[in-house]
Amino acid sequence: MKKMQEQYLPKKIEKIVQKYWEKNKTFKVQVDKKKEKYYCLAMLPYPSGDLHMGHVRNYTISDVISRYQRMLGKNVLQPIGWDAFGLPAEIAAIENNTKPEIWTKENIQKMKKQLKSLGFSYDWDREIKTCDPRYFYWEQWFFIQLYKKKLVYKKTAPVNWCENDQTILANEQVIKGKCWRCNTKINIKIIPQWFIKITKFAKELLKNIENLEFWPKEVKLMQKNWIGRSKGMQIIFDIYNSANKIKIFTKNLENVINTNAIILSPLHHITKKFSNTNINIKKFINNKNIQLNIYNKYKYKTKKKIFTNKYAINPITKKKIPIWIDKTINIQHSYQTKIKIIKYNINNKYIKKNSDFKSNNYQINTITNKNVKKKKNNIYYKNKKIKLSKIYKILKLFKKIKKKTTFKLRDWSVSRQRHWGTPIPMGTVNNKIIQLPEKILPILLPKNQDIKKKNKITIDNKKITLENETFDTFMESSWYHIRYTCPNYKYGMVEKKSANYWLPIDQYIGGIEHATMHLIYFRFYNRLLYKLNFIKNPEPVIKLLCQGMVLSDAFYYIKNKKKIWINKKSLNIIHNKKGKIIQAYTKKKKKPVTYAGIIKMSKSKKNGISPKKIIKKYGADTIRLFIIFAAPPKSSLTWNPKGVLGIYKFLNRFWKFINKHYLIKPQKTKQKMNQKELKFYVKLQQTITKVTYYIEKINKLNNAVAQIISLVNNLIKSKFCHKKNHNFIRDVILIIIKIFHPFIPHFSFFVWKKLTNKKNIDNENWPILKPNKKKNKITIIIQINGKKKKILNIYNKKTKGEIIHKVIKKQNIKNNLINKKIKKIIYIPNKILNFVI
RNA sequence: GCGGAAGUGGCGAAAUUGGUAGACGCACUAGAUUUAGGUUCUAGCGCCAAAUGGUUUGCGAGUUCGAAUCUCGUCUUCCGUACCA
């Protein structure tokens, strides 16, 4: 037996272990029908440069779960790849005077190396790069299939337009209504774009949310609201002195009676008609004055609303209702749904501010919670009681009303006016749209990076003008989970045999920010592939885990009215006695800075911590263990350098402790456990049960680690370490190492090899210990009016009467009960005894 | 604006889902060991109080024998809001 290093040297051991895994392809998996499969997937990273802490967290959680499932004897698939197309590559290419593909490739190389240094158990043979033609080939092919099925179409839609740069901007590139580069005011441009008919599946996507048993309820709720089904009625309003009509959707007829204004979006077709005869409206709704995505009404500095001088006629009350145009109505939304009714509440700001509403003085019944029930089926108009059902019948007779169900969900716009993306496999011949023949796929990216130029090809003597736009990158990330099951399959999009075996994903892990968009597209795309008979499951994911963000301290000072962010390292920070930051100033110039609190790690705020440096200093196992231990996966995590050091010290202690005991050869004779050992054995058994529960049932990995750390510290401090029964300690260490393995795989790999002198821990099973029967100690809390007064330990079952009898003899209970009348005694067996006085 | 979530010591957090609030760890304090730092070990540690004890889960009400947990109101922070990924 070789002597183990006294010192814990993670750098050395981690390299050895990682090389072993790589050489032996330990985590390569294949279809094996004899084994139960487990597909564990973390959302694929965008190759932005270096790995950041958010990645480390996401992939560590995924790896812990994968390794745990592997120890349960399952065939675990944990793949990784790169979401390689996207806007940042184009921006970086311009800034660094390079090409997006070169920048992306370099980043992938860097980040791959960093991922490997963290010891994640990926099947690297399945690595996918979405910018690889072998990948997007099938995306283009599938789009053509959808086109054939009439599930895609082209229509006009608004985009952000910068007049100065003559480019279309992403929402992110618009800051406070201005271009982020040249500060020009942004306006909208309406251009033709490709759409996928996700709305056709709105009902199904909504209904199936109920079947997602192991998804977080907040995600399900957000998706429900995003799809936004509402059942109601469509009512037709005539326009006064005009042949035009306005269709209105409402859930409640009462609202219509009380309506005192109709508000149109600037892009509504009626608005356009009005603008033809009214210069003021024309000026007001000029594209230059309208912006996309205004969430808050008060962001517009200029006039937000304009009265059209037109009135609609309320089909119920026959009153004239003023029609207004409001720029702050979400354009994207109202572009389709067309109309909005103002609320009937008399306190509404619209009514208070605008006299036009006031002049329209018919009776308004403000509804309060109290009288809403009474009025449910009736309304009061001019003090007369009218049945709602009667109104409905009359309106229906005149064809002014019909039942309607609407959805908030809009069709998926997939066109992007970008170079660095999957080319859309469509074209035009003599201005007529055609799909490209499948035989010429994949359509590669044009060498010419200028998006404004259209390329032409000749096929079968036809001159085809190619679509110069590319797909939304959500397209790539919507089906990668399927391609991972057959990444190198040449004869089709999906190899059914592998897909049927591996899918659906058993555990999917990613940030909560993807709760609606990505995860809805993901479900939608999976459903499409299911409908077209490529895969067997309509839903992609059984269990979903959404992890929080990684935060850290941030500091800034003000220069020229701008915040200049500064890294913690170049500051002297003064804490108060209790450790709170009270002051900070720069090391060099002693300039005071402002503490911005604990915020999301980002390059721009200069508060990022490089995982690379931490790995170099303390090793992968330390960073893995810390990031899991520091916070529950769901909540955000604050980076604490001292906490990392604490974990490192802990691993050191554990390493040295093992070193002390493994050197002793196992004893041949079996010995019985003594009392202390038996007690520890019970704790070990309980710990395994808890750790299993925390990992598998509630994903509270931080609690699992807390349990193990506590157990190890208990072991190190225990007095039986130097007793004769070395076998006991050896056995205990081996079991602890097993349950610790998913978290610190290098550490455990090395220790296991040394202790067992043969085997590989990667093939070990999760330990199960039989509970050791012990005398049952029962703790009963004695309360007076629900407040704890005493803790009573009993060893044999006792009746309520016996316990009360015993308790009221105790001095402090006696004191509390003197001269008091006991109203009630509540007894919950083996738990609580509460005197109500 | 709309949708979702969170708020517990100096800090990260725990609380078996309505039943001992603060497990586990960091930081801090005191002592021991030590070679300067670090390491390691022992003890203490929500707040008030010398102490019996009292009081504490953003704030304000309510339900209950009993509330961090349920209900209503309110404040703050974070995520998303359809072209960042």
Looking at [X], I'd like to know whether one of its side-chain N or O atoms comes within less than 4.0 Å of OP1 or OP2 on [N].
X: A:N703; N: B:A15; answer: yes
X: A:K824; N: B:C65; answer: yes
X: A:K700; N: B:A14; answer: yes
X: A:N225; N: B:U81; answer: no
X: A:K649; N: B:U39; answer: yes
X: A:T473; N: B:A85; answer: yes

At 4.0 Å (heavy atoms only), tell me whether [X] reaches a base, stays on the sugar-phosphate, or touches nothing.
X: A:F474; value: base
X: A:Q193; value: base
X: A:L221; value: sugar-phosphate
X: A:S415; value: base
X: A:Q707; value: nothing
X: A:W412; value: nothing
X: A:I828; value: base

Using the closest heavy atom to pick a nucleotide of RNA chain B for each, name whichever of A:Y694 or A:I826 lands nearer the 5' end. A:Y694
On RNA chain B, does the nearest nucleotide to A:K831 precede the nearest nucleotide to A:P45 from the 5' side, or the other way round? Give the residue. A:K831
Between [M] and [N] - [atom1] atom distance, rounded Å:
N: B:G10; M: B:C47; atom1: P; result: 7 Å
N: B:U63; M: B:U77; atom1: C1'; result: 29 Å
N: B:U71; M: B:G18; atom1: C1'; result: 14 Å

Checking only heavy atoms, does the side chain of A:Q417 share a donor-acceptor pair with the base of B:C83 at less than 3.5 Å? yes
Got a donor-acceptor pair under 3.5 Å from the side chain of A:N834 to the base of B:C65? yes
Let's see if you can work this out: which of [options] has an atom nearest to the side-chain heavy atoms of [X]?
X: A:P88; options: B:C84, B:U39, B:A13; result: B:C84
X: A:H514; options: B:C83, B:G80, B:A85; result: B:A85
X: A:W226; options: B:C24, B:G80, B:G12; result: B:G80
X: A:S413; options: B:G19, B:A85, B:C83; result: B:C83
X: A:K408; options: B:G25, B:C24, B:C2; result: B:C2
X: A:A706; options: B:A27, B:A23, B:C83; result: B:A23
X: A:M549; options: B:C65, B:G25, B:C79; result: B:C79
X: A:N702; options: B:A13, B:C84, B:A5; result: B:A13
X: A:Y46; options: B:A13, B:A85, B:C79; result: B:A85
X: A:R418; options: B:C65, B:C83, B:G4; result: B:C83

Does [N] have a Watson-Crick or wobble partner in any strand here, with both distances under 3.5 angstrom, and which is it?
N: B:C45; answer: none
N: B:G66; answer: none
N: B:G7; answer: B:C75
N: B:G80; answer: B:C2
N: B:A21; answer: none
N: B:A85; answer: none

Give a yes or no on whether the ring-centroid distance for A:W639 and A:F626 is below 6.0 angstrom. yes
Centroid separation A:W412 to A:Y521 less than 6.0 Å: yes
Can you check the [X] [atom1] to [N] [atom2] distance for me, whole Å?
X: A:I627; N: B:A13; atom1: CD1; atom2: P; result: 13 Å
X: A:H518; N: B:C83; atom1: NE2; atom2: P; result: 15 Å
X: A:N171; N: B:C83; atom1: CG; atom2: P; result: 7 Å
X: A:R653; N: B:C24; atom1: CZ; atom2: P; result: 14 Å
X: A:E513; N: B:C79; atom1: CD; atom2: P; result: 9 Å
X: A:L292; N: B:C83; atom1: CG; atom2: C1'; result: 9 Å
X: A:K690; N: B:A14; atom1: NZ; atom2: P; result: 15 Å
X: A:F650; N: B:U40; atom1: CZ; atom2: P; result: 12 Å

Counting only heavy atoms from other residues, nucleotides and ligands, does the tally under 6.0 Å from [atom1] of [X] exceed 12?
X: A:K197; atom1: NZ; value: yes
X: A:K154; atom1: NZ; value: yes
X: A:K800; atom1: NZ; value: yes

For the pair A:K634 and A:E218, find out whether any cationic side-chain nitrogen is under 4.0 Å from an anionic carboxylate oxygen. yes
Could you list the donor-acceptor pairs under 3.5 angstrom formed between side-chain atoms of residues 219-230 of chain A and any protein atom two or more places apart in sequence or on another chain?
{"unit_1": "A:K220", "atom_1": "NZ", "unit_2": "A:L212", "atom_2": "O", "d": "2.8"}
{"unit_1": "A:Q223", "atom_1": "OE1", "unit_2": "A:R523", "atom_2": "NH1", "d": "2.8"}
{"unit_1": "A:Q223", "atom_1": "NE2", "unit_2": "A:A515", "atom_2": "O", "d": "3.0"}
{"unit_1": "A:N225", "atom_1": "ND2", "unit_2": "A:L221", "atom_2": "O", "d": "3.3"}
{"unit_1": "A:S230", "atom_1": "OG", "unit_2": "A:T406", "atom_2": "OG1", "d": "3.1"}

Check nucleotides 51-56 of chain B against the protein and report each pair of N or O atoms closer than 3.5 Å, with its distance, or say if there are none.
{"unit_1": "B:G54", "atom_1": "OP1", "unit_2": "A:K789", "atom_2": "NZ", "d": "3.4"}

How far apart are the C-alpha atoms of A:F629 and A:I647, what are their side-chain angles, what is the distance that settles it, and do they pass the side chain to side chain contact (heavy atoms under 4.5 Å, CB included) test? CA-CA 9 Å; A:F629 179 55; A:I647 290 292; 3.8 Å; yes
Residue from A:F85, A:Y480, A:W479 passing ring pair (Phe, Tyr, Trp, His ring centres under 6.0 Å) with A:F136: A:F85
Working for ring pair (Phe, Tyr, Trp, His ring centres under 6.0 Å), residues A:F522 and A:F474: CA-CA 8 Å; A:F522 199 57; A:F474 275 129; over 10 Å; no
Could you check if the base of B:U17 is syn or anti? Syn means the glycosidic torsion is within 90 degrees of 0. syn
Syn or anti: how is B:G9 classified when any glycosidic angle within 90° of 0 counts as syn? syn
Check whether the side chains of A:Q193 and A:T156 place a donor and an acceptor atom closer than 3.5 Å, and report yes or no. no
Which word best sums up how the rings of A:F740 and A:F743 line up, parallel for under 30°, tilted for 30 to 60°, or perpendicular for over 60°? perpendicular
